[in-house]
Amino acid sequence: MGEVLLEVKGMCKNYGIITALKNVDLKICRGEVHGLVGENGSGKSTITSIAAGMQPKTSGEMFFKGQPWNPSSMIEAQHNGISMILQEANTIGGCTVAENIFAGKEDEYSRFGIVDKKRMNRDADVVLDKFGIKHMRGKDPIDKFGFEDRKLVEIARAVTDETEILVVDETTTALSLEGREILYKIVDDLVAKDKAVIFISHDMDEILEKCTILTVLRDGEIRGCITSQEIKDANAVGTIRQLMVGRDIGDKMYRSDFDPSCDKEVVLEFKNVSGPNVIDFSLELHKGEIVGLGGLSGCGMHEVGRMAFGMEEVDKGHVKAHGLEVLSAKDAVAKKIGYISKNRDTEAVILQGPIEDNIVLPSLGDLTTASFLSPKKKKNMSDEQIKLLEIKCQNGKQWVSTLSGGNKQKVSFAKWIAKGSEIIIMDCPTRGVDIGVKQAMYELIMQMKKDGKAILMISEEMAEIIGMADRLIVMKDSKIAKEFTRNKDLSETDVIEYMI
Amino acid sequence: MLKKFNKEWASSHASDLLSYGGLVLCIIVFAILSGGNLFSPYNLRILIQAVCVYAVLSLGAMFVYSMGYMDISVSAQVGVYSILCILIANSTGSILLAFLVILALALVCGFINGYVAVMLGLPSIVTSIFLMSIFGGVQALIMEKLALNSVSINVDISFFKNTGFMVAMIIVVAIIAIYLYKYTPLGEITKSIGANERATEYSGISTTKWKVLAYAFFGVTVALGAFLLTARTGAAGKGTGMGYAMDIMVALLLGGMPLSGGMKSKISSALIGSFTYVILSNGLILSGVDTKMVYIIKAIVFIAVILITCRKKDGVLPR
């Protein structure tokens, strides 16, 4: 074991009456990739964000390289060697890639108050090359790039020569396959230089492969530590899950049956649809059927979902629900279609608002009789959903922004269950959600299937759609590449072959 | 535990405490400074007449501010409506007709701010700047054509000038606005738009329709406000209506309304704010403060309120 780089002693963090961390002790040593695992809300990001200067601790001590460590800002922390790549998007729109990479460091590039853009762009290119990011250049406007690429810019900004500890918080879920390789390489390089990495992820395979030591958290407390020997153990996943959830959830993540049958009634139909990033797409979605739509993130599958909800223009062909053309989002909702966006925090829920108002939002019309919107009916509807989906909260008045990721996602499911939607389009429904909640989501999806709802499940996670879908459609370059029917022998490698 | 609970309660009701406290403080301070003159029957009447216009306007403006939008054309609109109202009433003798004309105009403006802005893909502030310039120009033009500094109304308006009528107007408009805001989808949806317009749209709500409705209701209150102002003063001129757009904003802020709108918006802020603002202005003058100083003091109060109420993003991180 290397020298201790960061030591956390008896750290506590409270948000009002909510306790996020209770007396946490943690040691990060040189040369290790330290995995932090735990369910949403268990305090993983809280520890690292305090260490990286994003927020102050309530009590406790921190030591960095043996000295007391109390960073007042992320810039100070980064300057001294602790950098963090955040969970949510954190680039500045309307600027160039270079300006994003050197945000907060303009002083180094300015003379007499004028920033030397050329030099900045040049240096940005050097940084990008160093990380093997070839398709982005310093002078490019950041808005040209998608979510995945912007994440790479954040990585390029966070990792500098001074970096001693890099915190990777749930970053990999937001990255494309190539992006992940780039990140893994950075991690390996840091370890080779005897630096340290703190790795937060929900992807068990990734954690087992990359981390050299694991700390498991639950409800703001450390529940166990798993050493490098134990990680190699065949039973490691079981042990970790048990520590995380507090009970053994077993291997049963996805549905256990392999029966792809469903009702004959077609509820949603795509007939030779073409539009932005979609070419000649046809699909019939039946009542009680789960259709999985997979592919790489730019393959057009997200656009298909948006088209079904009337949010994307259809240039050619028809999108019909119950035999009638879908005209707009409003029309789609009237035709009993629900849509769960993959951009949960910006499109699926109103963060700065109560749970109740979020849940009833699509149903406002139903709760209104002769212009009167009954507050009682609103409350009943929301309380019913909170109970049904076991959303962890004090009451419906609590703001969604104070909920953990999994519970936020439950709120966006609750909206459409409350509305009584019969066709549910879910785009990356389990993005950034931990196993415990994931399992609950899958059960919920199965329950919806049994209730006769038609589900279009769009996902970048192959395991998930193989595990859940009756039919699996793989998209590549805006077109359907292959269709599979549910069967036992289908494996990820079979599917990935058609994706790339 | 109880102490902790109290602290929680206090922090979650901070803006309420601040706005109600501000009003009470205003009343106490000026009651003392003015030597009790604040409550003289004469001054009470003046207060109510002034509050009436502000309250009606800000009850309507609430819906627009809830969406995180603002309308700065109100001042010029009120000015033109006031002049038109007098001119039409004088030439036809019908106050009703005069009111209907300005109501129609106000609804058209609401439609422009709500619908045309969306169609052209412009923020509503842009169309409201456009309207402000147009109406400002029209107001100046009419007065130039008339070659007068001000026009007075010849028709009998004593009924509308009556304090009882003014109080009744505040109550009626308040009841309608509270009903719309709390017990119809309009309030809920305007708040949702303010909090997250995209998520509202993704819930299958036609945001354009509700924007138009919100601006339409505001239009109604602007027409009514202009009418009440006309009834109160009995005359209008170049300067009529000046400052109302900003005054409404300050009043709403004093009432605890967040400038960005959203879920923290409360209909009570329109009423509380109007009273606080009017008492503040009136009290300063009663206490013998120079009129020019009043503007400066108002500006200081304005910035102080913003500094106190505009908190940073809630301190809870996604964990």
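Heavy atoms only: backbone and side chains are in, while hydrogens, waters and symmetry mates are out. So you know, we letter chains A, B, ... as the sequences are listed, proteins then strands, and number each from 1.
Between chain B and the residues A:Thr368, A:Asp357, A:Asn343, the most heavy-atom pairs under 4.5 angstrom are made by A:Asp357. For the set A:Ile337, A:Val349, A:Val360, A:Asn358, the entry with the most heavy-atom pairs within less than 4.5 Å of chain B is A:Val349.
Proximity to chain B at a heavy-atom threshold of 4.5 Å picks out A:Ala370, A:Ser371, A:Phe372, A:Leu373, A:Pro375, A:Lys378 from residues 369-380 of chain A, in numerical order. Scanning residues 189-217 of chain B against chain A with a 4.5 Å heavy-atom cutoff picks out B:Ile189, B:Ser192, B:Ala195, B:Asn196, B:Arg198, B:Ala199, B:Thr200, B:Glu201, B:Tyr202, B:Ser203, B:Gly204, B:Ile205, B:Ser206, B:Lys209, ordered by number.
In terms of the salt bridge (charged side-chain N to carboxylate O under 4.0 Å, His left out) criterion, residue partners of A:Glu356 (sequence neighbours excluded) are, by chain and number, A:Lys397. Residues meeting the salt bridge (charged side-chain N to carboxylate O under 4.0 Å, His left out) test with B:Lys266, sequence neighbours left out: B:Asp16.
Around atom CZ of B:Phe130, no more than 12 heavy atoms belonging to other residues, nucleotides or ligands sit under 6.0 Å away.
Atom CE of residue B:Met263 and atom CG of residue A:Leu351 lie 11.0 Å apart, to the nearest 0.5 angstrom.
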